[in-house]
Amino acid sequence: MTTIVEHPTFVTHLECGLTGKRYEADQIHNLSEAGRPLLVRYDLDGIREAVSKDDLARRPGGLWKYREFLPVRKTENVVSLGEVETPLVRLPSLERRLGAAEILVKDEGRLPTGSFKARGLALAVSKARELGITRVAMPTNGNAGAALAAYASRAGIRSTIFCPADTPEVNVSEIELQGATVYRVNGLIDDCGKIVGEGKAKAGWFDVSTLKEPYRIEGKKTMGLELAEQLGWEVPDVIFYPTGGGTGLIGMWKAFAELQAIGWITGKLPRMVAVQASGCAPIIKAWKDGLEHAPRWENAHTVAAGIRVPQAVGDFLIVRAVRESGGFGITVDDDAITAALHRTAREDGLLLCPEGAATIAAYEASLEQGLVAPTERAVLYNCASGLKYPLPHVSRSLDRHAPIDHAAL
Ligand SMILES: Cc1ncc(COP(=O)(O)O)c(C=O)c1O
């Protein structure tokens with residue numbers, strides 16, 4: 001059982017990610033006046049004095065152990081479904097085949113609702129409860145909607161969710177089963193986002209879209225805090241992240257900055273690698289073109305539904321994190337994603353989601369192109385359980401009444 005006890009909190013204010021303008025903490029906020037994401041700022045000296053690495057080591061695993069680094073003030077507002085510490089799973093077959101020293105998959109599929117979206121939505125919904133919000137709405141490619149539905153229902157908050165019509169069936173069904181009102185929309189995630197934006201005032205929804213409220217990123221930040229703690233308060237050389245709206249990449253980069261500021265990690269930070277599909281790669285294009293903002297990607301398509309995001313409001317934060325870290329952007333095509341998914345399942349016994357498989361394909365391509373060295377410790381993010389996606393049909397069958405040639409099986 002997860003026991004969540006009261007801890008002091010250290011939020012000082014919020015800050016526009018683009019202009020740096022300050023906003024008051026503990027008020028209801030969406031985007032800044034500049035139309036950009038708000039970032040939560042903390043009294044980091046206060047955190048350093050209040051908690052130690054040893055304190056954290058004694059607490060049960062899971063994202064709520066990092067309470068001092070999180071914005072929820074009161075434990076009574078915490079909405080939890082049993083968030084676990086997700087494992088780092090090595091891929092020995094892949095390491096052998098590529099001659100690589102250490103490839104670790106952070107398998108986020110073990111979280112409630114089967115994806116890392118649980119981290120962001122656990123925080124966003126808890127903070128929404130703290131701020132007295134009773135109705136929320138969100139566009140989704142599937143996993144975020146599932147997490148929002150589950151946490152909102154648990155908190156007694158009504159949720160309305162819009163997803164592209166071709167969102168994986170499991171996602172649409174789980175969203176509805178977990179108590180949300182869900183609509184399929186004949187468009188992409190940004191088209192769904194427009195419906196939320198336009199309906200907000202009329203329907204009284206609070207908009208929980210990626211980076212349009214300040215707290216999902218704080219939940220995703222725990223991927224970075226947890227990773228550093230798991231590695232003995234060290235960071236890997238390089239991180240491969242399947243990038244859609246980019247909350248996870250931005251969140252981890254924020255986590256490392258905060259840990260560095262309090263002196264818990266020292267030395268070089270990891271190179272952050274944004275991975276996108278070649279059928280939808282606005283961020284990689286912006287990075288290559290030397291831009292901060294990424295124009296909308298037209299005719300977006302990929303088997304990796306979670307990273308089919310034609311335009312991201314936090315584009316500049318993703319590009320900045322990649323640049324500041326000395327990382328890079330890379331695209332992979334759908335065939336490479338599917339091949340990596342099948343091979344990792346068959347050879348290393350780990351069933352990835354397509355977005356996770358994209359990071360494997362990207363790692364292999366990066367190694368081949370000399371962008372990473374085989375001696376480097378690499379962490380790849382598998383953001384959801386492979387079981388949430390359509391799986392290949394198996395046609396082999398046996399008639400138990402007919403003679404069976406066992407030796408031929
Ligand atoms: C499985 C999976 N991977 C990656 C992503 C992209 O995550 P982010 O918005 O943090 O870039 C998503 C988002 O829907 C997802 O569902």
Side-chain angles (χ1 to χ4, degrees), residues 37 86 105-111 113-121 123-124 138-148 161-164 167-168 170-172 174-175 188-190 192-193 208-213 215-224 239-255 272-277 280-284 294 297 300 302-315 317-319 321-322 329 332 337 341 351-362 380-390:
T86 62
V105 173
K106 186 137 172 80
D107 190 4
E108 294 280 299
R110 321 288 175 106
L111 286 163
T113 71
S115 91
F116 70 152
K117 297 287 178 183
R119 293 184 189 267
L121 274 312
L123 259 294
M138 194 177 72
T140 183
N141 275 330
N143 288 320
L148 177 62
I161 294 171
F162 303 87
C163 61
T167 298
V170 171
N171 289 145
V172 188
E174 63 178 325
I175 292 171
L188 295 178
I189 188 164
D190 52 347
C192 297
V208 210
S209 305
T210 301
L211 289 170
K212 289 191 183 163
E213 62 74 59
Y215 304 111
R216 283 174 65 181
I217 186 176
E218 294 303 297
K220 290 280 192 80
K221 185 177 86 178
T222 63
M223 285 196 292
I239 291 179
F240 282 75
Y241 185 78
T243 307
T247 345
L249 194 146
I250 302 164
M252 277 193 277
W253 192 239
K254 186 170 187 286
M272 305 298 289
V273 179
V275 178
Q276 293 200 304
C280 181
I283 300 296
I284 312 305
W297 188 275
T302 168
V303 289
I307 54 175
R308 193 180 59 173
V309 178
Q311 191 157 33
V313 66
D315 48 6
L317 294 171
I318 310 172
V319 174
V322 170
V332 285
I337 294 175
L341 193 153
L351 183 60
L352 302 168
C353 62
E355 298 80 2
T359 67
I360 304 269
L380 281 52
Y381 273 80
N382 182 52
C383 298
S385 164
L387 295 172
K388 297 188 79 174
Y389 295 78

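Counting starts at 1 for both ligands and their atoms, in listed order.
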- Say you draw a straight line from OG1 of Thr247 to OH of Tyr241; how long is it, rounded to the nearest 0.5 Å? 5.5 Å
- Query: CG/Leu121 to CE/Met138 distance, rounded to the nearest 0.5 angstrom?
  - Reply: 5.0 Å
- Message: Regarding ligand 1, does Gly244 bring an N or O atom to under 3.5 Å of one of the ligand's N or O atoms?
- Response: yes
- Can you tell me the protein heavy atom closest to atom 12 (C) of ligand 1 and the distance? Gly306 O, 3.4 Å
- Note on the structure: atom 8 (P) of ligand 1 has as its nearest protein heavy atom Gly246 N, 3.4 Å
- Task: Measure Tyr389 to ligand 1 on non-hydrogen atoms and call it side chain, backbone, both or neither using the 4.0 Å cut-off.
- Result: side chain
- Message: Using a 4.0 Å cut-off to any heavy atom of Lys220, which atoms of ligand 1 qualify?
- Response: 10 (O)
- Item | Under 4.0 Å to a heavy atom of Asn143 - the qualifying atoms of ligand 1, by number | 1 (C), 15 (C), 16 (O)
- Heavy-atom closest contact (Ala144 atom, Arg216 atom, distance): CB-NH2, 3.7 Å
- Polar contact flag for Thr210 and ligand 1 (N/O pairs, less than 3.5 Å): no
- N/O to N/O below 3.5 Å, does that happen between Thr243 and ligand 1? no
- Message: Checking the N or O distance criterion of under 3.5 Å, is ligand 1 in contact with Lys117?
- Response: yes
- Note on the structure: The answer for which part of Thr247 has a heavy atom under 4.0 Å from ligand 1 is both
